[in-house]
Protein chains: 2
Amino acid sequence: MVSVATVSRVLNQNGYVNEETERRVRQAMKELNYKPNEVARALFKKTSKTVGLIVPDITNPFFPELVRAVEDVMNIYDYTVILCNSDEKVEKEREYIEVLKQKYVDGVILTTNQFAPEEVEEWDVPIVVLDRPLHERYPSVVADNYEGARLATRHLYEVGCRRIAHIQGPNHVVNAMERFRGYQDEMRALGLGDRQLVIQGNYQLKQAKEAVMAALAEHDMDGIFAGNDAMAVGALKAVQQCGLRVPDDIAIIGYDGIPLTEMTTPELSTVSQPIYEMGAMAARILIKQIEGKPLEKLHYQLPVQLVVRQSTSRRGLT
Amino acid sequence: MVSVATVSRVLNQNGYVNEETERRVRQAMKELNYKPNEVARALFKKTSKTVGLIVPDITNPFFPELVRAVEDVMNIYDYTVILCNSDEKVEKEREYIEVLKQKYVDGVILTTNQFAPEEVEEWDVPIVVLDRPLHERYPSVVADNYEGARLATRHLYEVGCRRIAHIQGPNHVVNAMERFRGYQDEMRALGLGDRQLVIQGNYQLKQAKEAVMAALAEHDMDGIFAGNDAMAVGALKAVQQCGLRVPDDIAIIGYDGIPLTEMTTPELSTVSQPIYEMGAMAARILIKQIEGKPLEKLHYQLPVQLVVRQSTSRRGLT
DNA sequence: GTGAAAGCGCTAACAT
DNA sequence: ATGTTAGCGCTTTCAC
């Protein structure tokens with residue numbers, strides 16, 4: 001027989017163990033199908049091999065891929081992920097953080113920009129912010145929203161659009177604001193500064209569709225840059241419903257590059273973010289932090305890519 | 001001062017505590033911002049207020065809503081959910097079960113039909129099977145796949161289709177087989193038993209599109225019942241690409257009722273499952289089991305609903 | 001190199 | 001009605 005201490009030593013590759021003893025222990029563990037109790041281990045080590053992942057709403061088609069990426073990477077390193085839907089409510093986010101801490105999660109990845117750094121500081125748990133920058137103090141992985149928006153706007157210009165509208169995302173979401181800023185700057189750079197037309201959206205298809213319907217009744221436009229893909233679909237529906245053709249009468253480009261964009265007719269042009277890579281990178285950064293390794297960089301801004309499909313493919317220039 | 005035992009007593013509403021003392025304890029807890037350590041509690045009670053949720057792939061648009069429902073309900077009862085993507089691999093599912101058990105999860109909801117009941121028995125953890133029946137021994141929540149398939153097939157017949165093809169889902173997925181069976185039986189009932197045309201799909205858009213392209217080259221058809229919505233979109237793309245019109249030349253109906261069906265042009269008819277309700281019900285059943293309450297019923301089969309949209313709306317009867 | 005023992009923070013007897 | 005204590009299963013000193 002051997003003592004529990006010895007078993008623990010072989011499990012943790014910790015302290016000295018006779019080779020022969022180690023062999024016997026491993027053999028016995030296998031035979032008895034012994035699996036160490038992770039809860040007891042967590043209690044002692046104050047670390048649970050579990051992380052929290054807080055997203056606004058997994059039902060929003062932008063997030064599944066992000067979540068999947070995080071889960072995949074975490075899984076490689078033997079971490080397990082607790083999924084939390086916050087609906088963008090600070091209160092819910094706060095509650096989740098509380099619960100997660102009570103469970104000794106080793107870290108949290110969150111998609112939010114609503115917290116004051118002082119509050120985050122108090123949480124005293126490693127975090128990584130994903131998709132939306134929170135504060136320079138905290139590691140983040142985001143895509144280049146500003147540049148992507150300029151790209152999209154310029155692309156519409158290049159296919160001949162001159163009256164380019166932008167459907168803006170929610171005001172409290174930083175990345176939506178960055179995209180808006182990109183639109184504004186590019187419009188000015190194109191000499192269309194005074195032709196700007198901004199439609200207020202909330203990242204939802206339905207609302208965007210209605211807003212575009214309303215806008216079409218009052219304004220002339222020949223191109224729409226939507227703040228995300230869902231709203232681009234909304235715009236597409238609105239335009240088609242008004243009897244106008246896409247891309248001939250109005251060209252449309254979305255943002256995010258979710259699979260949905262390939263399912264519409266016509267297929268939607270979009271600015272694609274490396275969604276999976278963003279999630280994977282956030283996960284890797286969190287692990288580094290947990291393991292106390294130094295981060296080469298605190299903030300990662302991934303490049304976006306213009307994806308041209310049918311919704312902006314037209315020959316004629318105005 | 002009070003002893004830890006007393007604090008525990010007020011926390012658990014357990015044993016007798018002087019009212020005045022309770023007040024003081026609660027006050028102190030608030031002031032000190034004391035939060036009990038859930039890990040220690042779990043170690044003692046062998047229950048962690050955490051459940052596992054194993055789905056094939058959160059990236060598949062059928063699952064986000066299901067996951068969301070589970071999370072919502074679990075949240076109400078103060079449970080937290082660990083999300084696991086199995087890619088339909090038994091091996092991965094097994095590993096997850098192992099890990100979850102080591103973490104003392106109180107129960108597991110899983111979407112699979114690949115386990116022998118003897119194996120599940122050994123896990124010795126409350127489970128609920130979701131979307132796919134596993135075995136009569138285990139509580140399950142599924143929709144009426146057979147009836148839904150008959151509904152879809154009959155609907156195509158009623159809008160005038162006589163050469164109705166079915167795109168079948170993967171063979172190892174029971175619900176896909178149920179739908180296939182429904183198609184067969186209904187075709188026979190309609191007197192079209194010898195006009196059946198089955199296209200093998202794997203629940204993926206892309207593969208379905210190609211399979212339909214190939215089928216269109218060889219066979220005549222005027223209606224397609226796809227085993228799920230993703231494949232219906234694939235079929236839609238294939239048909240359109242062949243220069244045929246939907247629904248005039250070929251009517252298409254999908255299955256599941258995911259939001260995607262409203263985003264295509266034309267919008268897709270489908271058999272909608274009460275996805276959110278299924279997830280929520282599975283969660284409620286799991287909680288009942290965990291709390292040791294009796295289940296009125298072991299197996300819940302929820303009704304499905306025919307949703308008619310543009311992809312099957314045509315006047316002309318053949 | 002290995003065993004004995006203390007302790008992580010909690011809860012449930014068992015005293016008082 | 002409340003305090004004291006043992007123990008959940010693990011890891012880590014500290015002896016030997």
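Reminder, nothing fancy here: chain letters follow the sequence lines and each chain counts from 1. The basis for the numbers below is simple: all heavy atoms, side chains too, and nothing from hydrogens, waters or symmetry mates. None of the values given here were measured: they were computed from a predicted structure.
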5′-ward residue of the pair B:K46/A:A5 relative to DNA chain D: B:K46

Would you say the side-chain atoms of B:Y104 and A:N37 include a donor-acceptor pair closer than 3.5 Å? yes

Winner on side-chain proximity to A:K45, out of D:dT12, D:dG9, D:dT2, is D:dT12

Name every residue in residues 27-37 of chain A that has at least one heavy atom under 4.0 Å from any atom of DNA chain C, in order of residue number, or write none if there are no such residues. none

Specify the residue among B:R9 and B:V39 whose closest nucleotide of DNA chain C lies further upstream toward the 5′ end. B:V39

Is the phosphate of D:dA1 approached by B:T21 (side-chain N or O, under 4.0 Å from OP1 or OP2)? no

Within this structure, what is the CD-to-C1' distance between A:E38 and D:dT11, rounded to whole angstrom? 13 Å

What is the distance, to the nearest angstrom, from the CZ atom on B:R24 to the C1' atom on D:dT2? 11 Å

Extract, from 5' to 3' on DNA chain C, the first and final nucleotides lying under 4.0 angstrom from some heavy atom of chain B. C:dG9 to C:dA13

Tell me whether the OP1 or OP2 atom of D:dT11 has a side-chain N or O from A:N12 closer than 4.0 Å. yes

B:E22 atom CD is separated from D:dA1 atom C1', nearest whole Å, by 13 Å

Is the side chain of A:N202 donor-acceptor paired with the backbone N or O of A:P170 at a distance under 3.5 Å, no angle test? no

Is it the case that the side chains of A:D131 and A:N175 hold a donor-acceptor pair, with the cut-off being a distance below 3.5 Å and no angle test? yes

What does A:S8 touch in the nucleic acid at a heavy-atom separation under 4.0 angstrom: a base, only the sugar-phosphate, or nothing? base

Sub-3.5 Å donor-acceptor pair from the side chain of B:K103 to the main-chain atoms of A:V39, do we have one? no

B:T6 vs D:dA1: side-chain N/O to OP1/OP2 distance below 4.0 Å: no

Between A:A40 and B:V4, which is nearer to the 5' end of DNA chain D once each is assigned its nearest nucleotide? B:V4

Between the side chains of B:Y203 and B:N60, does any donor sit under 3.5 Å from an acceptor? no

Would you verify whether the NZ or CZ of A:K297 falls within 45 degrees of the ring axis of A:Y300 while also being under 6.0 Å from that six-membered ring's centre? yes

Using modelled atom types and a 3.5 Å cut-off, is there a donor and acceptor pairing between side-chain atoms of B:E65 and backbone atoms of A:T59? no

A:E121 backbone acceptor or donor facing A:Y138 side chain under 3.5 Å: yes

Distance, rounded to the nearest Å, where B:Q102 contributes CD and D:dC10 contributes C1': 13 Å

Of B:I54, B:L53, B:V51, which is the lone residue that meets side-chain contact (heavy atoms from CB on, under 4.5 Å) with B:V108? B:I54

